[in-house]
Protein chains: 2
Amino acid sequence: MLSFLDASNISQLDQRFRTNFINCLSGFKSLNLIGSVNQLQQTNLAIFNSVFHLGANPPLMGCIFRPDSVERHTLSNIESLGYFTINHVNQVDYPKAHQTSARYPQNVSEFDAIGLIPEFKNNFPAPFVKESKIQIGLKFQQRIDIPINNTSLIIGEILQVYYPQNCLCSDGYLDLEKAGTITGTGLDGYHNTQRIERLSYAKPELPLISLPLNYLE
Amino acid sequence: MLSFLDASNISQLDQRFRTNFINCLSGFKSLNLIGSVNQLQQTNLAIFNSVFHLGANPPLMGCIFRPDSVERHTLSNIESLGYFTINHVNQVDYPKAHQTSARYPQNVSEFDAIGLIPEFKNNFPAPFVKESKIQIGLKFQQRIDIPINNTSLIIGEILQVYYPQNCLCSDGYLDLEKAGTITGTGLDGYHNTQRIERLSYAKPELPLISLPLNYLE
């Protein structure tokens with residue numbers, strides 16, 4: 001027997017309680033650090049739990065930005081520079097990643113304040129996080145405003161990808177668990193993962209089989 | 001030393017390889033079953049790894065729909081009925097959840113084909129998945145088309161939530177791991193989780209502390 005809340009119950013919840021509760025309902029979340037620079041070449045870093053896959057061809061990722069948050073520096077940097085990086089949060093550096101959500105003054109780089117290393121390479125104009133095992137460089141493509149709650153969807157096209165070679169499988173699957181990437185719940189929950197299995201492509205009337213992980217190296 | 005692919009390398013990847021690879025880059029994903037009905041009251045069920053939190057007040061969730069996929073039945077049902085459900089995939093039923101991605105004929109309900117039970121309750125017009133421990137009933141609010149790759153963002157407002165009482169904490173945090181909810185990678189990877197910790201709200205110059213889980217029951 002499950003407990004139950006309806007819209008009226010939800011609207012009457014204490015605001016902080018409701019924020020925690022509703023933030024848990026979508027399930028496990030990706031955890032990524034977005035790196036950017038402003039027009040003075042000052043670096044910026046912020047943790048996001050709303051980065052998602054948008055499409056493979058062209059290779060696109062999306063991210064939701066909230067109004068009036070520490071994320072606004074990141075948003076204005078992305079729009080003015082036109083480039084940004086997405087870097088996976090891993091099981092070693094997650095407290096530093098979490099700490100980027102603090103409201104530092106605009107003239108302070110979260111890289112410096114927190115002790116993560118900005119890495120500029122291959123002529124990419126935005127900084128990667130050197131400690132991240134999976135680093136993605138993106139070109140800003142589009143901002144779609146979502147009037148219903150004043151959020152914005154930012155879409156980027158993937159231009160560069162860095163990854164540990166020993167995590168790549170022969171069919172293109174990248175083993176995030178082996179790379180040390182972690183997942184999140186709500187606003188503040190951090191979790192390691194334990195693979196159950198990969199399942200074969202589903203067809204009607206065909207039994208599913210467990211896919212092996214054939215690493216290229 | 002990380003391996004590296006640039007945009008040209010990515011565009012030259014075999015299509016299936018690229019789809020797997022790019023689908024892994026956003027990090028761990030939520031896994032949810034979306035339940036709906038068509039105008040003939042036939043039930044429909046499909047797995048999604050692109051459901052995300054959009055906002056807590058009003059309580060909103062978003063989901064990306066791809067063109068020309070099995071998801072199109074779900075999309076047309078949501079738009080015609082105006083209601084749908086989001087149900088967490090758990091560690092017991094994930095193979096059934098995966099199997100919903102097979103292309104069943106339009107006159108076959110995935111609930112019947114796969115052996116999950118549609119649950120209608122509290123006058124909600126769309127079916128919940130009885131086996132899911134966290135069930136959410138939503139009202140369709142808005143469709144935002146994303147022209148860059150012909151996808152659509154569907155936004156729903158949360159009207160009903162069902163959850164295990166012993167998973168709810170005193171500050172509103174819902175312990176998804178305790179509820180048996182799992183997470184995904186790429187198109188076909190399924191993972192259990194192991195909590196590392198919850199971290200306190202971050203402020204500049206203040207050390208983070210580990211938050212206890214105070215269950216209400």
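Labels below follow one simple rule: chain letters A, B, ... track the order of the sequence lines, proteins then strands, and each chain is numbered from 1.
To the nearest 0.5 Å, atoms SG (A:Cys167) and CG (B:Leu2) are separated by 9.5 Å. Atom OG1 of residue B:Thr151 and atom CD1 of residue A:Ile155 lie 6.5 Å apart, to the nearest 0.5 angstrom. Within the model, atoms CZ of B:Phe17 and CG of A:Leu168 stand 4.5 Å from one another, a figure rounded to the nearest 0.5 Å. Note that CD of A:Gln15 and CG of B:Asn57 are 6.5 Å apart. Values are rounded to the nearest 0.5 Å. Between atom OG1 of residue A:Thr183 and atom NE2 of residue B:His191 there is a gap of 9.5 Å, rounded to the nearest 0.5 Å. Rounding to the nearest 0.5 Å gives a distance of 10.0 Å between CD1 of B:Ile22 and CG of A:Leu174.
Residues B:Val161 and A:Ile10 meet the side-chain proximity criterion, which asks for heavy atoms closer than 4.5 Å.
Panel note: side chain A:Arg195, backbone B:Asn192; no donor-acceptor pair is recorded below 3.5 Å. With B:His53 contributing its side chain and A:Gly27 its backbone, the two residues share no donor-acceptor pair below 3.5 Å. Side-chain N or O atoms of A:His98 include one that pairs as donor or acceptor with a backbone N or O of B:Ser200 at under 3.5 Å.
The one candidate from B:Asn23, B:Thr185, B:Asp188, B:Asn20 that meets the side-chain hydrogen bond (donor to acceptor under 3.5 Å, both in side chains) condition with A:Tyr173 is B:Thr185.
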For this session: Could you please spell out the steps behind the side-chain contact (heavy atoms from CB on, under 4.5 Å) verdict for A:Ile182 and B:Ile196?
Result: CA-CA 9 Å; A:Ile182 62 172; B:Ile196 307 171; 4.1 Å; yes
For this session: Could you walk me through whether B:Leu25 and A:Tyr163 pass side-chain contact (heavy atoms from CB on, under 4.5 Å), step by step?
Result: CA-CA 10 Å; B:Leu25 294 182; A:Tyr163 60 94; over 6 Å; no
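With a 4.5 Å cut-off on non-hydrogen atoms, B:Ser210 does not touch chain A at all. The part of A:Ser170 that comes within reach of chain B is its backbone (N, CA, C, O), which places non-hydrogen atoms under 4.5 angstrom from that chain. Interface remark: A:Lys203 contributes backbone atoms only to the contact with chain B (heavy atom separation under 4.5 Å). If you measure heavy-atom distances from B:Ile136 to chain A, the contacts under 4.5 Å come from the side chain alone. Within the 4.5 angstrom heavy-atom criterion, only side-chain atoms of A:Gln135, from C-beta onward, approach chain B. Heavy atoms closer than 4.5 Å to chain A are found in the side chain of B:Pro147, but not in its backbone. In this structure, the portion of B:Gln142 lying under 4.5 Å from any heavy atom of chain A is its side chain and not its backbone.
Chain B forms the most heavy-atom pairs under 4.5 Å with one residue out of A:Ile114, A:Asn122, A:Ile86, A:Leu211, and that residue is A:Asn122. Among A:Tyr201, A:Tyr94, A:Phe124, the residue with the largest count of heavy-atom pairs under 4.5 Å with chain B is A:Tyr94. For the options B:Gly137, B:Pro105, B:Gly55, B:Gly186, heavy-atom pairs under 4.5 Å to chain A are most numerous at B:Gly55. Of the listed residues B:Asn49, B:Leu153, B:Ile158, the one with more heavy-atom pairs under 4.5 angstrom with chain A than any other is B:Ile158. When each of A:Val89, A:Ile148, A:Ile144 is checked for heavy-atom pairs under 4.5 Å with chain B, A:Ile148 comes out on top. Note: A:Leu176 leads A:Leu206, A:Leu176, A:Asn166 in heavy-atom pairs under 4.5 Å with chain B. Contact count versus chain B (heavy atoms, under 4.5 Å) is highest, among A:Leu54, A:Leu31, A:Ile134, for A:Leu54. For the set B:Leu60, B:Leu5, B:Leu199, B:Leu187, the count of heavy-atom pairs under 4.5 angstrom toward chain A peaks at B:Leu199. Each of A:Ser3, A:Ala7, A:Ala113, A:Cys63 has some count of heavy-atom pairs under 4.5 Å with chain B, and the biggest count is that of A:Ser3. Ranked by heavy-atom pairs under 4.5 Å with chain A, the list B:Thr181, B:Asp6, B:Leu208 is led by B:Leu208.
Other residues, nucleotides and ligands contribute more than 12 heavy atoms inside 6.0 Å of the CZ atom of B:Phe4. For NZ of B:Lys130, the number of neighbouring non-hydrogen atoms (other residues, nucleotides, ligands) closer than 6.0 Å is 12 at most.
Closest approach of B:Ser26 to A:Asn32, counting heavy atoms only: O-ND2, 3.1 Å. When every heavy atom of A:Pro204 is checked against every heavy atom of B:Arg103, the shortest pair comes out as CG-O, 3.4 Å.
Ring planes of B:Phe52 and A:Phe52: parallel class, angle under 30° (limits at 30 and 60°).
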